[in-house]
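One structure below.
Every chain is numbered from 1, with letters handed out A, B, ... down the list of sequences.
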There are 2 protein chains.
Amino acid sequence: MQLHKRDVVDVATSLLDDYGIADLSMRRLARELNVSPGALYWHFANKQQLLGAVADRILAAVDDVPAGWRDRIAGICAQLRDALLSHTDGAELVSASFAAGQSAAMTGVLGRLTAAAADAGVAPEHAELTARTVIYYVLGFTADEQSRLQWDAAGADVAQTVWAEDPSARFTFGLHLLVDGIAVHSRAGT
Amino acid sequence: MQLHKRDVVDVATSLLDDYGIADLSMRRLARELNVSPGALYWHFANKQQLLGAVADRILAAVDDVPAGWRDRIAGICAQLRDALLSHTDGAELVSASFAAGQSAAMTGVLGRLTAAAADAGVAPEHAELTARTVIYYVLGFTADEQSRLQWDAAGADVAQTVWAEDPSARFTFGLHLLVDGIAVHSRAGT
DNA sequence: ACCTGAACACCGTTCAAGT
DNA sequence: ACCTGAACACCGTTCAAGT
(Lines give C-alpha, C1' and ligand atoms only; values in the text may rest on other atoms or scores of the structure.)
Protein backbone atom coordinates (compact mmCIF):
# COMPACT_ATOMS: atom_id res chain seq x y z
CA MET A 1 0.00 0.00 0.00
CA GLN A 2 0.96 3.66 -0.38
CA LEU A 3 3.34 5.45 1.89
CA HIS A 4 1.89 8.53 3.58
CA LYS A 5 3.66 11.33 5.40
CA ARG A 6 1.68 10.43 8.51
CA ASP A 7 3.02 6.87 8.61
CA VAL A 8 6.54 8.09 8.05
CA VAL A 9 6.31 10.53 10.96
CA ASP A 10 4.64 7.88 13.14
CA VAL A 11 7.38 5.35 12.62
CA ALA A 12 10.11 8.00 12.89
CA THR A 13 8.72 9.04 16.27
CA SER A 14 8.64 5.51 17.61
CA LEU A 15 12.16 4.93 16.34
CA LEU A 16 13.18 8.08 18.22
CA ASP A 17 11.49 6.94 21.41
CA ASP A 18 13.01 3.46 21.25
CA TYR A 19 16.56 4.17 20.09
CA GLY A 20 17.24 7.92 20.28
CA ILE A 21 18.15 10.56 17.73
CA ALA A 22 21.50 9.02 16.78
CA ASP A 23 19.72 5.94 15.43
CA LEU A 24 17.01 7.87 13.61
CA SER A 25 18.49 7.63 10.12
CA MET A 26 16.76 7.85 6.75
CA ARG A 27 18.00 4.37 5.90
CA ARG A 28 16.85 2.77 9.12
CA LEU A 29 13.50 4.53 8.88
CA ALA A 30 13.05 3.26 5.33
CA ARG A 31 13.94 -0.27 6.44
CA GLU A 32 11.35 -0.09 9.23
CA LEU A 33 8.76 1.10 6.70
CA ASN A 34 9.70 -1.63 4.20
CA VAL A 35 10.52 0.85 1.47
CA SER A 36 13.76 1.82 -0.24
CA PRO A 37 15.62 4.84 1.15
CA GLY A 38 14.85 6.83 -1.98
CA ALA A 39 11.09 6.56 -1.35
CA LEU A 40 11.36 8.95 1.59
CA TYR A 41 12.65 11.64 -0.75
CA TRP A 42 9.40 11.62 -2.67
CA HIS A 43 7.64 12.84 0.49
CA PHE A 44 10.34 14.95 2.14
CA ALA A 45 12.97 17.13 0.51
CA ASN A 46 15.65 16.08 2.98
CA LYS A 47 16.30 14.78 6.48
CA GLN A 48 16.02 18.21 8.12
CA GLN A 49 12.49 18.59 6.80
CA LEU A 50 11.51 15.14 8.04
CA LEU A 51 12.94 15.91 11.49
CA GLY A 52 10.95 19.15 11.43
CA ALA A 53 7.79 17.10 10.92
CA VAL A 54 8.76 14.89 13.88
CA ALA A 55 9.35 18.03 15.96
CA ASP A 56 5.87 19.25 15.08
CA ARG A 57 4.43 15.90 16.13
CA ILE A 58 6.21 16.15 19.49
CA LEU A 59 4.88 19.65 19.98
CA ALA A 60 1.30 18.86 18.96
CA ALA A 61 0.18 18.96 22.59
CA VAL A 62 1.58 22.45 23.21
CA ASP A 63 -1.10 25.07 22.87
CA ASP A 64 -1.85 28.57 24.04
CA VAL A 65 -2.70 29.49 27.61
CA PRO A 66 -5.33 32.19 27.90
CA ALA A 67 -4.11 34.13 30.93
CA GLY A 68 -2.19 37.20 31.96
CA TRP A 69 1.24 37.48 30.40
CA ARG A 70 3.10 35.93 33.36
CA ASP A 71 0.92 32.83 33.58
CA ARG A 72 0.76 32.63 29.82
CA ILE A 73 4.53 32.46 29.50
CA ALA A 74 4.83 30.07 32.45
CA GLY A 75 2.07 27.84 31.08
CA ILE A 76 3.41 27.65 27.54
CA CYS A 77 6.92 26.91 28.81
CA ALA A 78 5.74 24.19 31.17
CA GLN A 79 3.83 22.52 28.33
CA LEU A 80 6.85 22.84 26.08
CA ARG A 81 9.15 21.19 28.61
CA ASP A 82 6.65 18.39 29.26
CA ALA A 83 6.35 17.68 25.54
CA LEU A 84 10.13 17.57 25.12
CA LEU A 85 10.58 15.27 28.09
CA SER A 86 8.07 12.74 26.81
CA HIS A 87 10.24 11.69 23.86
CA THR A 88 13.80 10.38 23.90
CA ASP A 89 16.15 13.21 22.90
CA GLY A 90 13.07 15.41 22.39
CA ALA A 91 14.82 18.61 23.47
CA GLU A 92 17.80 17.98 21.21
CA LEU A 93 15.63 17.22 18.19
CA VAL A 94 13.36 20.22 18.65
CA SER A 95 16.35 22.48 19.31
CA ALA A 96 17.93 21.47 16.03
CA SER A 97 14.65 21.86 14.12
CA PHE A 98 14.02 25.28 15.66
CA ALA A 99 17.53 26.47 14.80
CA ALA A 100 17.06 25.22 11.24
CA GLY A 101 13.69 26.96 11.00
CA GLN A 102 11.99 23.65 10.19
CA SER A 103 9.35 23.50 12.89
CA ALA A 104 6.06 25.25 12.24
CA ALA A 105 4.98 24.42 15.79
CA MET A 106 7.99 26.24 17.25
CA THR A 107 7.20 29.22 15.05
CA GLY A 108 3.75 29.16 16.63
CA VAL A 109 5.19 29.03 20.14
CA LEU A 110 7.51 31.90 19.26
CA GLY A 111 4.53 33.93 18.07
CA ARG A 112 2.54 33.37 21.23
CA LEU A 113 5.48 34.19 23.48
CA THR A 114 6.11 37.31 21.42
CA ALA A 115 2.52 38.36 21.95
CA ALA A 116 2.85 37.75 25.67
CA ALA A 117 6.02 39.87 25.79
CA ALA A 118 4.28 42.68 23.94
CA ASP A 119 1.41 42.31 26.37
CA ALA A 120 3.84 42.67 29.24
CA GLY A 121 4.80 46.04 27.82
CA VAL A 122 8.07 45.15 26.10
CA ALA A 123 8.75 47.50 23.18
CA PRO A 124 7.52 46.01 19.88
CA GLU A 125 11.00 45.87 18.34
CA HIS A 126 12.22 43.81 21.30
CA ALA A 127 9.26 41.51 21.81
CA GLU A 128 10.45 38.72 19.51
CA LEU A 129 13.97 38.73 20.94
CA THR A 130 12.41 38.51 24.40
CA ALA A 131 10.40 35.48 23.28
CA ARG A 132 13.48 33.89 21.74
CA THR A 133 15.39 34.38 24.98
CA VAL A 134 12.68 32.46 26.81
CA ILE A 135 12.86 29.68 24.21
CA TYR A 136 16.66 29.46 24.44
CA TYR A 137 16.22 28.93 28.16
CA VAL A 138 13.56 26.23 27.90
CA LEU A 139 15.45 24.33 25.21
CA GLY A 140 18.80 24.67 26.96
CA PHE A 141 17.50 23.71 30.38
CA THR A 142 15.48 20.77 29.13
CA ALA A 143 18.21 19.39 26.88
CA ASP A 144 20.48 19.44 29.93
CA GLU A 145 17.90 17.86 32.18
CA GLN A 146 17.09 15.18 29.64
CA SER A 147 20.68 14.21 28.97
CA ARG A 148 21.22 13.78 32.72
CA LEU A 149 18.01 11.77 33.04
CA GLN A 150 18.96 9.50 30.17
CA TRP A 151 22.50 9.16 31.40
CA ASP A 152 21.63 7.81 34.79
CA ALA A 153 18.66 5.85 33.50
CA ALA A 154 21.45 4.06 31.63
CA GLY A 155 23.11 3.12 34.89
CA ALA A 156 25.63 5.79 35.81
CA ASP A 157 25.08 7.22 39.28
CA VAL A 158 26.04 10.73 38.29
CA ALA A 159 26.89 13.07 41.16
CA GLN A 160 23.64 13.83 42.93
CA THR A 161 24.74 17.21 44.38
CA VAL A 162 22.22 19.98 43.82
CA TRP A 163 21.19 18.63 40.44
CA ALA A 164 18.77 15.81 40.96
CA GLU A 165 16.58 17.64 43.45
CA ASP A 166 13.29 18.74 41.99
CA PRO A 167 14.11 19.72 38.40
CA SER A 168 10.65 21.29 38.07
CA ALA A 169 11.36 23.72 40.87
CA ARG A 170 14.71 24.56 39.31
CA PHE A 171 13.05 25.05 35.95
CA THR A 172 10.56 27.45 37.49
CA PHE A 173 13.29 29.42 39.23
CA GLY A 174 15.19 30.00 35.99
CA LEU A 175 12.03 30.96 34.18
CA HIS A 176 11.18 33.47 36.90
CA LEU A 177 14.55 35.08 36.37
CA LEU A 178 13.43 35.87 32.83
CA VAL A 179 9.87 36.80 33.69
CA ASP A 180 11.09 39.22 36.33
CA GLY A 181 13.55 40.69 33.87
CA ILE A 182 10.69 41.19 31.43
CA ALA A 183 8.67 42.93 34.12
CA VAL A 184 11.51 45.39 34.67
CA HIS A 185 11.46 46.23 30.97
CA SER A 186 7.71 46.69 30.76
CA ARG A 187 5.92 49.99 30.83
CA ALA A 188 4.02 49.26 34.01
CA GLY A 189 6.69 47.26 35.80
CA THR A 190 4.27 44.63 37.09
CA MET B 1 57.46 13.50 12.05
CA GLN B 2 55.23 12.86 15.07
CA LEU B 3 51.66 13.95 15.29
CA HIS B 4 50.90 16.19 18.23
CA LYS B 5 47.54 17.20 19.72
CA ARG B 6 48.39 20.82 18.99
CA ASP B 7 48.78 20.21 15.25
CA VAL B 8 45.58 18.22 15.15
CA VAL B 9 43.63 21.04 16.82
CA ASP B 10 45.32 23.64 14.59
CA VAL B 11 44.36 21.90 11.39
CA ALA B 12 40.88 21.07 12.69
CA THR B 13 40.30 24.74 13.44
CA SER B 14 41.39 25.87 9.99
CA LEU B 15 39.21 23.18 8.41
CA LEU B 16 36.32 24.54 10.46
CA ASP B 17 37.01 28.11 9.40
CA ASP B 18 37.31 27.20 5.72
CA TYR B 19 34.54 24.65 5.26
CA GLY B 20 32.30 24.65 8.35
CA ILE B 21 31.37 22.05 10.93
CA ALA B 22 29.65 19.69 8.47
CA ASP B 23 32.95 19.14 6.66
CA LEU B 24 35.01 18.73 9.81
CA SER B 25 35.21 14.94 9.78
CA MET B 26 37.80 12.67 11.35
CA ARG B 27 38.64 11.22 7.94
CA ARG B 28 39.02 14.58 6.24
CA LEU B 29 41.11 15.86 9.13
CA ALA B 30 43.35 12.80 8.93
CA ARG B 31 43.75 13.30 5.16
CA GLU B 32 44.73 16.95 5.72
CA LEU B 33 47.29 15.83 8.30
CA ASN B 34 48.64 13.07 6.03
CA VAL B 35 47.93 10.34 8.53
CA SER B 36 45.52 7.45 8.56
CA PRO B 37 42.14 7.98 10.28
CA GLY B 38 43.10 5.58 13.04
CA ALA B 39 46.04 7.75 14.06
CA LEU B 40 43.68 10.37 15.50
CA TYR B 41 42.35 7.77 17.93
CA TRP B 42 45.72 7.45 19.55
CA HIS B 43 45.47 11.10 20.63
CA PHE B 44 41.72 11.50 21.16
CA ALA B 45 39.23 8.95 22.49
CA ASN B 46 36.58 9.99 19.99
CA LYS B 47 35.29 12.83 17.82
CA GLN B 48 33.43 14.55 20.68
CA GLN B 49 36.64 14.88 22.62
CA LEU B 50 38.46 16.31 19.64
CA LEU B 51 35.67 18.84 19.05
CA GLY B 52 35.93 19.75 22.73
CA ALA B 53 39.58 20.59 22.18
CA VAL B 54 38.64 22.77 19.20
CA ALA B 55 36.02 24.49 21.37
CA ASP B 56 38.68 25.23 23.96
CA ARG B 57 40.91 26.69 21.26
CA ILE B 58 38.08 28.96 20.09
CA LEU B 59 37.48 30.10 23.65
CA ALA B 60 41.12 30.69 24.51
CA ALA B 61 40.64 34.45 24.25
CA VAL B 62 37.75 34.51 26.73
CA ASP B 63 38.96 35.46 30.18
CA ASP B 64 37.62 36.95 33.36
CA VAL B 65 36.57 40.57 33.78
CA PRO B 66 37.42 42.04 37.15
CA ALA B 67 34.46 44.30 37.79
CA GLY B 68 31.16 44.48 39.62
CA TRP B 69 28.82 41.60 38.89
CA ARG B 70 26.86 43.43 36.18
CA ASP B 71 29.89 44.47 34.16
CA ARG B 72 31.54 41.15 34.83
CA ILE B 73 28.63 39.23 33.31
CA ALA B 74 28.31 41.69 30.42
CA GLY B 75 32.06 41.58 29.75
CA ILE B 76 32.38 37.80 29.81
CA CYS B 77 29.34 37.40 27.56
CA ALA B 78 30.60 39.96 25.05
CA GLN B 79 33.94 38.17 24.87
CA LEU B 80 32.20 34.85 24.50
CA ARG B 81 30.04 36.09 21.62
CA ASP B 82 33.06 37.65 19.90
CA ALA B 83 35.02 34.42 20.15
CA LEU B 84 32.14 32.39 18.70
CA LEU B 85 31.63 34.81 15.83
CA SER B 86 35.27 34.66 14.77
CA HIS B 87 35.06 31.03 13.63
CA THR B 88 32.67 29.49 11.11
CA ASP B 89 29.90 27.66 12.99
CA GLY B 90 31.67 28.60 16.23
CA ALA B 91 28.45 28.92 18.22
CA GLU B 92 27.15 25.58 17.01
CA LEU B 93 30.38 23.76 17.79
CA VAL B 94 30.78 25.26 21.26
CA SER B 95 27.10 24.64 22.02
CA ALA B 96 27.49 20.97 21.21
CA SER B 97 30.72 20.67 23.21
CA PHE B 98 29.17 22.44 26.20
CA ALA B 99 26.11 20.18 26.11
CA ALA B 100 28.37 17.14 25.93
CA GLY B 101 30.49 18.45 28.81
CA GLN B 102 33.60 18.33 26.65
CA SER B 103 34.82 21.91 26.94
CA ALA B 104 37.00 22.79 29.90
CA ALA B 105 36.91 26.43 28.79
CA MET B 106 33.11 26.52 29.00
CA THR B 107 33.30 24.97 32.45
CA GLY B 108 35.55 27.86 33.36
CA VAL B 109 33.12 30.41 31.96
CA LEU B 110 30.32 28.70 33.86
CA GLY B 111 32.32 28.96 37.06
CA ARG B 112 33.00 32.67 36.64
CA LEU B 113 29.39 33.45 35.79
CA THR B 114 28.30 31.41 38.81
CA ALA B 115 30.59 33.48 41.00
CA ALA B 116 29.17 36.66 39.52
CA ALA B 117 25.62 35.47 40.22
CA ALA B 118 26.52 34.64 43.80
CA ASP B 119 28.11 38.06 44.02
CA ALA B 120 24.88 39.60 42.84
CA GLY B 121 23.18 38.02 45.80
CA VAL B 122 21.53 35.02 44.14
CA ALA B 123 21.06 32.17 46.62
CA PRO B 124 23.96 29.67 46.45
CA GLU B 125 21.74 26.78 45.32
CA HIS B 126 20.54 28.85 42.38
CA ALA B 127 23.77 30.52 41.32
CA GLU B 128 24.86 27.84 38.84
CA LEU B 129 21.43 27.64 37.22
CA THR B 130 21.50 31.41 36.86
CA ALA B 131 24.88 31.17 35.15
CA ARG B 132 23.62 28.40 32.86
CA THR B 133 20.63 30.52 31.90
CA VAL B 134 22.99 33.29 30.81
CA ILE B 135 25.02 30.79 28.79
CA TYR B 136 21.92 29.34 27.11
CA TYR B 137 21.09 32.87 26.01
CA VAL B 138 24.53 33.70 24.63
CA LEU B 139 24.83 30.39 22.78
CA GLY B 140 21.28 30.54 21.44
CA PHE B 141 21.45 34.16 20.34
CA THR B 142 24.85 33.82 18.73
CA ALA B 143 24.06 30.55 16.92
CA ASP B 144 21.03 32.32 15.46
CA GLU B 145 22.98 35.42 14.54
CA GLN B 146 25.75 33.39 12.97
CA SER B 147 23.47 31.21 10.88
CA ARG B 148 21.81 34.33 9.49
CA LEU B 149 25.17 35.96 8.82
CA GLN B 150 26.48 32.89 7.03
CA TRP B 151 23.24 32.43 5.15
CA ASP B 152 23.26 35.83 3.52
CA ALA B 153 27.01 35.93 3.14
CA ALA B 154 26.20 32.98 0.85
CA GLY B 155 24.00 35.19 -1.30
CA ALA B 156 20.43 35.02 -0.04
CA ASP B 157 18.97 38.43 0.73
CA VAL B 158 17.08 37.24 3.78
CA ALA B 159 14.29 39.53 4.96
CA GLN B 160 15.98 42.53 6.50
CA THR B 161 13.06 43.53 8.78
CA VAL B 162 14.15 44.14 12.36
CA TRP B 163 16.84 41.48 12.24
CA ALA B 164 19.86 42.89 10.51
CA GLU B 165 19.90 46.16 12.44
CA ASP B 166 22.65 46.28 15.00
CA PRO B 167 22.94 42.72 16.32
CA SER B 168 25.20 43.96 19.11
CA ALA B 169 22.50 46.27 20.45
CA ARG B 170 20.00 43.44 20.26
CA PHE B 171 22.42 41.14 22.06
CA THR B 172 22.83 43.68 24.82
CA PHE B 173 19.09 44.11 25.21
CA GLY B 174 18.50 40.40 25.69
CA LEU B 175 21.36 40.15 28.14
CA HIS B 176 19.95 43.07 30.15
CA LEU B 177 16.70 41.17 30.45
CA LEU B 178 18.62 38.49 32.32
CA VAL B 179 20.81 40.83 34.32
CA ASP B 180 17.76 42.76 35.47
CA GLY B 181 16.04 39.52 36.40
CA ILE B 182 19.09 38.57 38.45
CA ALA B 183 18.97 41.94 40.21
CA VAL B 184 15.38 41.28 41.23
CA HIS B 185 16.46 37.99 42.80
CA SER B 186 19.42 39.43 44.64
CA ARG B 187 19.44 40.36 48.29
CA ALA B 188 20.16 44.03 47.66
CA GLY B 189 18.22 44.45 44.45
CA THR B 190 20.84 46.60 42.76
C1' DA C 1 2.33 9.73 -9.22
C1' DC C 2 5.04 6.99 -6.62
C1' DC C 3 8.65 3.82 -5.83
C1' DT C 4 12.90 0.58 -6.70
C1' DG C 5 17.73 -0.44 -7.38
C1' DA C 6 21.83 0.87 -7.60
C1' DA C 7 25.14 3.94 -7.36
C1' DC C 8 28.07 8.05 -5.51
C1' DA C 9 30.63 9.86 -2.14
C1' DC C 10 31.19 9.64 2.00
C1' DC C 11 31.07 8.61 7.60
C1' DG C 12 33.16 7.06 12.97
C1' DT C 13 35.55 3.52 15.11
C1' DT C 14 38.37 -0.69 15.91
C1' DC C 15 42.33 -3.45 15.88
C1' DA C 16 45.91 -6.73 14.32
C1' DA C 17 50.13 -5.87 12.66
C1' DG C 18 54.08 -3.21 11.86
C1' DT C 19 58.16 0.04 13.31
C1' DA D 1 54.82 4.50 21.91
C1' DC D 2 52.80 5.60 17.85
C1' DC D 3 50.92 4.66 13.48
C1' DT D 4 49.15 1.94 9.12
C1' DG D 5 45.90 -0.80 6.53
C1' DA D 6 42.04 -2.72 6.20
C1' DA D 7 37.93 -3.83 7.65
C1' DC D 8 33.04 -3.27 9.87
C1' DA D 9 28.88 -1.27 9.80
C1' DC D 10 26.99 2.18 8.52
C1' DC D 11 25.41 7.27 6.41
C1' DG D 12 22.37 11.15 3.09
C1' DT D 13 21.12 11.91 -1.43
C1' DT D 14 20.28 11.28 -6.46
C1' DC D 15 18.25 9.44 -10.42
C1' DA D 16 17.34 6.36 -14.40
C1' DA D 17 14.12 3.08 -14.87
C1' DG D 18 10.01 0.72 -13.80
C1' DT D 19 4.75 0.38 -12.66
Side-chain angles (χ1 to χ4, degrees), chain A residues 1-16 18-55 88-89 92-93 95-97 99-103 147 150-151 154, chain B residues 1-16 18-55 88-89 92-93 95-97 99-103 147 150-151 154:
Chain A
M1 61 247 101
Q2 255 224 73
L3 189 62
H4 287 106
K5 280 188 156 182
R6 284 215 42 197
D7 313 324
V8 177
V9 176
D10 281 350
V11 173
T13 306
S14 73
L15 225 39
L16 179 72
D18 295 346
Y19 306 101
I21 200 171
D23 287 320
L24 177 44
S25 70
M26 296 299 267
R27 281 170 176 279
R28 176 136 189 209
L29 178 53
R31 205 189 312 137
E32 220 83 9
L33 286 160
N34 292 114
V35 295
S36 93
L40 297 173
Y41 290 86
W42 181 261
H43 300 277
F44 298 91
N46 48 45
K47 189 180 182 180
Q48 269 201 349
Q49 193 172 99
L50 194 153
L51 291 183
V54 176
T88 307
D89 296 329
E92 203 180 321
L93 184 141
S95 256
S97 293
Q102 295 286 355
S103 168
S147 86
Q150 291 174 184
W151 228 70
Chain B
M1 60 247 98
Q2 255 226 73
L3 188 61
H4 287 107
K5 279 188 157 186
R6 283 215 42 198
D7 313 324
V8 177
V9 176
D10 281 350
V11 173
T13 305
S14 74
L15 224 39
L16 179 73
D18 294 346
Y19 306 101
I21 200 172
D23 287 319
L24 177 44
S25 69
M26 296 299 268
R27 280 170 178 277
R28 177 138 188 206
L29 178 54
R31 206 190 312 139
E32 220 83 9
L33 286 160
N34 290 114
V35 295
S36 93
L40 297 173
Y41 290 87
W42 182 261
H43 299 277
F44 299 90
N46 48 45
K47 189 180 182 181
Q48 271 200 347
Q49 193 171 101
L50 194 153
L51 291 183
V54 175
T88 307
D89 297 329
E92 203 180 321
L93 185 141
S95 256
S97 294
Q102 295 287 354
S103 168
S147 86
Q150 291 174 185
W151 227 69

Nearest-Å distance, OH (A:Y19) to P (D:dC10)? 13 Å
In short, A:N46 meets A:Y41 closest at the heavy-atom pair CA-CE2, 4.0 Å
B:Q150 (side chain) donor-acceptor with B:D89 (main chain) under 3.5 angstrom: yes
What does D:dT14 pair with, Watson-Crick or G-U, if both distances are under 3.5 Å? C:dA6
Are the side chains of B:T88 and B:D18 in contact, using a 4.5 Å heavy-atom criterion? no
Starting at atom CD of A:Q2, determine the distance to atom C1' of C:dC3, rounded to an integer number of angstrom. 10 Å
Those residues of residues 31-43 of chain B lying under 4.0 Å from DNA chain D by at least one heavy atom: B:V35, B:S36, B:G38, B:A39, B:W42, B:H43
Spacing of B:K5 atom NZ relative to D:dC2 atom P, expressed in whole Å: 11 Å
Across all strands shown, which nucleotide pairs with C:dT19 by Watson-Crick or G-U wobble geometry, both distances under 3.5 Å? D:dA1
Roughly how far, to the nearest 0.5 Å, is the OG atom of A:S103 from the CD atom of A:Q49? 12.5 Å
Rounded to whole angstroms, how far apart are CE on A:M26 and P on C:dG5? 18 Å
Atom pair distance, as rounded to whole Å: CZ in B:R27 and C1' in D:dT4: 13 Å
Spacing between B:F44 atom CZ and C:dT13 atom P, to the nearest angstrom: 13 Å
Selection residues 23-39 of chain A - residue pairs positive for side-chain hydrogen bond (donor to acceptor under 3.5 Å, both in side chains), sequence neighbours left out: none
Same-atom distance (C1') from C:dC11 to D:dC8, integer angstrom: 12 Å
Working to the nearest 0.5 angstrom, can you tell me the gap between B:T13 OG1 and B:L93 CG? 8.5 Å
Provide the closest heavy-atom pair for B:L3 versus B:H43 in the form atom of the first, atom of the second, distance. O-CE1, 3.0 Å
For DNA chain D, whose closest nucleotide is more 5', that of A:S25 or that of A:A45? A:S25
Rounded to whole angstroms, how far apart are CG on A:D7 and P on C:dC3? 10 Å
Which pair of heavy atoms, one from A:V54 and one from A:A12, lies closest together, and at what distance? CG2-CB, 3.8 Å
B:L51 vs B:Q48 side-chain heavy atoms within contact, under 4.5 Å: no
Heavy atom of residues 46-54 of chain A under 4.0 Å from DNA chain D: which residues? A:N46, A:K47
Please report, rounded to the nearest Å, how far the P atom of C:dC11 is from the CG atom of B:L15. 10 Å
